[in-house]
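Each chain gets a letter, A, B and so on, in the order its sequence line appears, and its residues count up from 1.
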2 protein chains.
Amino acid sequence: MSSIKDVAELAGVSIATVSRYLSDPESIRRDNREKVARAIQRTDYAPNALAQNFRRGRTGIIMVVLPSVGDPFFTEVMRGIAQVASERHYSILIRETEMNTLSLDEYSDIVLSKQADGIILLASTCPITPMRRRPKASRPAPIILGCENVTPDLGNLFSVRIDNRAAARKATRHLLELGHERIAFISGSAGSELTADRERGYVAAMKRAGKKIADGWIVPGQLTIDGARDATRALLQHPQAPTAIFCANDEMAMGCIHEIKQAGLRVPDDVSVIGFDDTRYAAITDPPLTTIAQPAELIGQRTMLRILDAVDGIDIGSEPEIVPHKLVLRASTGAPAS
Amino acid sequence: MSSIKDVAELAGVSIATVSRYLSDPESIRRDNREKVARAIQRTDYAPNALAQNFRRGRTGIIMVVLPSVGDPFFTEVMRGIAQVASERHYSILIRETEMNTLSLDEYSDIVLSKQADGIILLASTCPITPMRRRPKASRPAPIILGCENVTPDLGNLFSVRIDNRAAARKATRHLLELGHERIAFISGSAGSELTADRERGYVAAMKRAGKKIADGWIVPGQLTIDGARDATRALLQHPQAPTAIFCANDEMAMGCIHEIKQAGLRVPDDVSVIGFDDTRYAAITDPPLTTIAQPAELIGQRTMLRILDAVDGIDIGSEPEIVPHKLVLRASTGAPAS
DNA sequence: CTGTTAGCGCGTTCAT
DNA sequence: ATGAACGCGCTAACAG
């Protein structure tokens with residue numbers, strides 16, 4: 001590959017002039033500008049991004065950590081992130097937590113060792129421990145949360161998300177208002193804080209309505225289709241089988257509906273199902289899914305904007321940015337068979 | 001941040017020794033090894049990846065270009081790619097083509113300007129033109145195709161994929177054998193080579209069976225749910241409405257089934273539907289989807305392994321690596337109502 | 001506006 | 001086995 005030096009030689013100017021041309025063509029005299037342009041053409045020159053980044057001390061990369069790129073909700077969030085990234089000439093590096101779970105310290109190292117300028121955690125399913133190693137670090141590494149709740153462990157990470165607890169209360173209340181009394185909840189995996197607040201909201205709504213939650217009505221489902229299918233089978237065989245099931249995300253609601261039909265029951269006639277996320281599949285399940293809608297793409301955009309602020313040294317604080325949610329009524333919920 | 005120099009000073013050795021410790025601890029004397037280790041601990045040192053990469057002349061990044069991260073098929077391919085990447089200490093950089101479509105020359109520039117060591121194209125929906133600018137480049141940039149067909153334009157890019165044409169023939173033949181005569185095909189968008197061979201396979205099977213394909217039976221669907229819904233509506237109103245619809249991917253098949261039911265018809269009683277990909281949703285659609293299964297994760301793994309070979313300077317040729325596919329029979333296809 | 005100079009942090013010679 | 005010295009390609013001072 002030709003380097004900036006070759007271009008400078010061919011153009012008959014210094015490398016500094018070429019460098020200036022690269023960052024701001026207007027800053028050099030017209031004749032030189034043209035000479036440089038021609039030399040670049042002829043040498044087929046492209047700046048070495050590795051050298052540029054090294055010199056500038058930045059990677060141009062934001063790492064996004066999430067449990068599964070496959071989940072349609074996260075896909076939407078990613079879309080928002082990617083959009084902003086592209087505008088700001090940033091690349092995004094995706095890391096699924098499934099394979100390797102890192103501690104916050106290790107994420108911090110990734111930034112300090114210049115593998116990325118900042119990190120967005122879209123879910124803290126991994127064993128995130130508080131930061132110990134660099135308590136006196138000049139400035140904390142830019143790491144923020146998207147859609148996830150802040151856990152006690154996580155110290156003061158900024159986050160962009162909906163009010164999960166309120167949303168879950170709303171969903172549960174919807175079922176209660178339809179007349180359901182036996183309402184179950186399929187949550188994420190045990191360690192997942194992503195759905196913990198949703199569970200709290202469900203519990204709170206049941207309590208306020210004076211409904212008891214039987215043992216076994218709260219069942220972990222791994223946030224996957226298969227997880228939900230297993231959970232649903234267990235619920236249908238429960239001595240006090242629920243007449244409505246609240247799933248912590250749409251993916252699970254899809255598995256849940258399938259399993260209910262598989263058992264020869266009908267949705268919502270025999271069992272109502274409500275989801276969470278309003279993914280693109282929600283409208284085409286059979287029956288179409290009642291669910292809580294989150295502004296996924298907006299969450300992604302806002303999260304990315306804030307991490308870039310943080311990378312630029314702006315203090316974004318740790319007060320979460322709460323975005324709106326809403327209950328979307330479709331056909332998977334109805335009054336219980338009396 | 002502390003640099004290698006600080007560590008060397010604190011340990012009382014030269015930076016060369018520290019550097020050696022980093023790449024191969026066994027290569028230095030034990031006492032020095034311990035001194036360095038301790039110094040690294042105390043200075044909280046982490047090697048500057050930017051400097052390392054610059055010095056080594058490699059980015060450690062493979063860029064993956066695909067139309068939509070949301071598509072569950074691509075998600076599976078990505079999983080395979082990510083798996084190998086993680087083993088080989090490579091990062092993957094995702095670029096959706098939706099936003100920006102680049103030419104092969106531009107992709108080539110990305111490699112030459114050291115933004116990535118290699119590029120995997122998972123679909124060439126963008127206007128990929130043959131390479132012009134650097135015909136005499138010492139070595140072509142490592143760019144290969146995953147799952148996509150090689151188009152005439154694309155010169156000699158290596159690829160890993162199934163035999164799309166044969167698979168489509170098999171799917172079509174399945175419908176023919178059930179007794180269908182009016183079979184429609186919902187393809188990808190016009191420019192997409194990804195599904196062009198599937199269309200050819202469909203056409204070939206129809207022809208061989210002596211069935212005519214009416215005008216309007218081949219309809220572009222954008223590879224999305226909504227695209228398929230529009231296409232399906234059009235097909236149902238066609239004067240010679242089909243009794244079976246072959247969708248170029250599962251995502252579209254899901255939209256198709258929904259739209260058929262929406263119209264008050266039943267699947268497969270009134271219209272049979274067959275998909276392509278066997279994504280994780282195929283088993284839980286209602287009815288479960290008959291489809292062509294591709295070994296998506298394998299495709300991802302193989303593609304990644306080969307691009308890494310290419311990055312290492314190994315000549316991987318341009319002969320495509322064909323992986324097996326199979327027809328998965330479920331409940332969305334049946335004999336036509338007589 | 002331009003050229004000269006000095007590193008950025010690391011890996012890698014070449015001596016020792 | 002180790003240290004001194006060089007340079008990767010570029011940007012950002014500074015001086016002219």
Let me know the distance between CG of B:Asp6 and P of C:dC10, rounded to the nearest Å. 9 Å
So what does B:Ser19 hit on the nucleic acid, given a heavy-atom distance under 4.0 Å: a base, only sugar-phosphate, or nothing? base
Closest nucleotide of DNA chain D for A:Ile4 versus for B:Asp31: which of these residues is on the 5' side? B:Asp31
Taking D:dC10, C:dG11, C:dT4 as options, the one with an atom nearest any side-chain atom of B:Ile15 is C:dG11
Any B:Thr17 side-chain N or O less than 4.0 Å from OP1/OP2 of D:dG3: yes
Among D:dC10, C:dC10, C:dT2, the one nearest any side-chain atom of B:Ser3 is C:dC10
Does A:Gln52 make a side-chain N or O approach to OP1 or OP2 of D:dG9 shorter than 4.0 Å? no
Output the rounded distance in Å from CG (A:Leu50) to C1' (D:dC10). 11 Å
Round to a whole Å and report the spacing from CZ of B:Arg56 to P of D:dC8. 18 Å
Just by modelled atom types, is the A:Ile62 backbone N or O under 3.5 Å from a matching donor or acceptor in the A:Asp117 side chain? no
Nearest of D:dC10, D:dA12, C:dT2 to any side-chain atom of A:Arg29? C:dT2
Are any side-chain N or O atoms of A:Arg33 and backbone N or O atoms of A:Pro25, one a donor and one an acceptor, separated by less than 3.5 Å? yes
Is the distance from OP1 or OP2 of D:dA1 to the nearest side-chain N or O of B:Tyr21 less than 4.0 Å? no
Would you mind reading off the distance between B:Lys35 atom NZ and D:dA1 atom P, rounded to a whole angstrom? 16 Å
Near A:Gln41 CD, under 6.0 Å, is it more than 12 heavy atoms from other residues, nucleotides or ligands? no
Rounded distance (Å) that lies between atom P of D:dT2 and atom CZ of B:Arg33: 9 Å
A:Asn53 CG to D:dC10 C1': how many Å, rounded? 11 Å
Can you check whether B:Arg29's main-chain N or O pairs, donor with acceptor, with B:Asn32's side chain at less than 3.5 Å? no
Which whole-number value in Å describes the distance from B:Glu9 CD to D:dT2 P? 18 Å
Is there a donor-acceptor pair under 3.5 Å between the side chain of B:Thr303 and the backbone N or O of B:Ile299? yes
I'd like to know if B:Arg20 reaches the base of D:dG3 with its side chain, counting only an N/O donor and acceptor under 3.5 Å. yes
How long is the line joining CZ of B:Phe54 and P of C:dG11, in whole Å? 13 Å
Which nucleotide, C:dT12, C:dG3, D:dC10, lies nearest any side-chain atom of B:Ala16? C:dT12
